[in-house]
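First the proteins, then the strands, lettered A, B, ... as listed; each starts at 1.
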2 protein chains.
Amino acid sequence: MALQLPELKKLVKVLKEKRESEGKCSEGECVKGDVFLVGTGPGDPELLTVKAVRVIKSADLLLYDRLVSNDVLDLVGDHAKLLYVGKTAGYHSRTQEEIHELLLSFAEAGATVVRLKGGDPLVFGRGGEEMDFLQQQGIHVKVIPGITAASGIAAELGIPLTHRGIANSVRFLTGHSRKGGTDPLFVSENAADPDSTLVVYMGLSTFPSLSQKLMHHGLSPQTPAVAIERGTTL
Amino acid sequence: MALQLPELKKLVKVLKEKRESEGKCSEGECVKGDVFLVGTGPGDPELLTVKAVRVIKSADLLLYDRLVSNDVLDLVGDHAKLLYVGKTAGYHSRTQEEIHELLLSFAEAGATVVRLKGGDPLVFGRGGEEMDFLQQQGIHVKVIPGITAASGIAAELGIPLTHRGIANSVRFLTGHSRKGGTDPLFVSENAADPDSTLVVYMGLSTFPSLSQKLMHHGLSPQTPAVAIERGTTL
């Protein structure tokens, strides 16, 4: 597992020694730290919530991946450890299970751990899986919501997600298929709804097959559409 | 219209005189002020974005309705005018057209106007209508997104909006029917989707007929459901 890496083992050891020196451990077991799943919004650091900024500035240890912007990382305090858990080209890419294990090890060592998530942790962020795993291990998890990409981009471009007489509901789905292929398996027939705004997250690669599929299921080819990348950071 | 009210006419006059004294008007026409549609999130003032706090603190004039919490209003600067445009029991309730007219009059008088919206301005907030109207009148409108109730409540209660293997999409719809009745007209057949989380805004009064309708369209009676009121303010 990822924690086999010498630098991470050392970090857990240092954290544990710190807690022991503070009298927060007995017989090798420390008071467990909390884990915060913090939504960092769509990229612009001014779109963080006040609560997210407070939690980020007070953290001992923060885990982040490529969906968290550099401007957000600049808010992290000098004393805090920042750990990248995303995919790196040509380098070992951590699995979801390894991320779970990392979060657990740090919390068990008594650290206040912040897991930074692009957008909102509970919208396509796999935040629910991290929350479930940690809670099952007796770790207290607190979720701080973030501006999800749909809201951030709608505001930036001035495109309402719902609009009287045009869209009476809005639906978010992911353009990634379960197996990582290019077929948007998650687009069920009922996504082709002319009265609903459809927001497809991570949808650029599957856009051609998605649009075909929506038209096949009855959506008009005249339906207005936009494709957006880096909507709030450029 | 609402601006016939003496105190509002006086306010517009005062604003205009102020702009004239600053040399921002010529021949009775002032440099138009901007309008900010600001999402104030689900109630907890710590869930405002950093940008929303900045804009709220710098505003000349703020319009709000009952969906904006008192804790949020406490952030408003001492010099600013705060105007309630919501419904009051036993008192004249402003129509959407009157709100449009108010926003326009203040912006034309040169004020920086902030329209506070509960949640996100572009999710069931009628923000799109206010934006359209003002832009057609040549007013520059800027939208600041907010944490929508679905995200705020999901985080507070620890209920993921999407979750691998359980819900691969999330849909927001309104429990209010177009004519204000109790039949959730906006619930189309395809909302009864077992693979999608359904979030119904303003849905308490229509909950009984809504649940019947969803089951009629095939949703299992065993589908987990929660009903939430004031999810982040109590």
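Aromatic ring pairs are classed by plane angle as parallel below 30°, tilted from 30° to 60° and perpendicular above 60°; the pair A:Y201 and A:F172 is tilted.
Side chain of B:T49 to main chain of A:T49: no donor-acceptor pair is present (N/O by atom type, distance under 3.5 Å, no hydrogens or angles). In this structure, B:E130 contributes its side chain and B:G127 its backbone to no donor-acceptor pair below 3.5 Å. The backbone N or O of A:L173 lies less than 3.5 Å from no partner atom in the side chain of B:S169, so there is not a single donor-acceptor pair. A donor-acceptor distance shorter than 3.5 angstrom exists from the side chain of A:T95 to the backbone of A:E98, with no hydrogens or angles considered.
Top candidate by heavy-atom pairs under 4.5 Å with chain A, chosen from B:P42, B:P145, B:A150, is B:P145. Of the listed residues (A:L161, A:V123, A:V170), the greatest number of heavy-atom pairs within a distance under 4.5 Å of chain B belongs to A:V170. Comparing A:T197, A:V143, A:L37, A:L157 by how many heavy-atom pairs each has under 4.5 Å with chain B, the most go to A:V143.
The stretch residues 36-65 of chain B participates, sequence neighbours left out, in these ring pair (Phe, Tyr, Trp, His ring centres under 6.0 Å) pairs: B:Y64-B:Y84.
Only the side chain of A:D44 comes within contact range of chain B, with heavy atoms under 4.5 Å apart. Residue B:D195 does not touch chain A at all, counting heavy-atom pairs closer than 4.5 Å. When heavy atoms are compared at a cutoff of 4.5 Å, A:V53 approaches chain B solely by way of its side chain, counted from C-beta outward.
Identified by a heavy-atom distance below 4.5 Å to chain A, contributing residues of residues 70-80 of chain B are lacking entirely.
Scanning both residues, B:I56 and B:L48, for their nearest heavy atoms gives CD1-CD2, 4.2 Å.
In summary, of the residues considered (A:L62, A:V35, A:D60), a side-chain contact (heavy atoms from CB on, under 4.5 Å) with A:V113 occurs for A:V35 alone.
Taking the charged nitrogens against the carboxylate oxygens, A:D193 and B:R171 do have a contact shorter than 4.0 Å, which makes a salt bridge.
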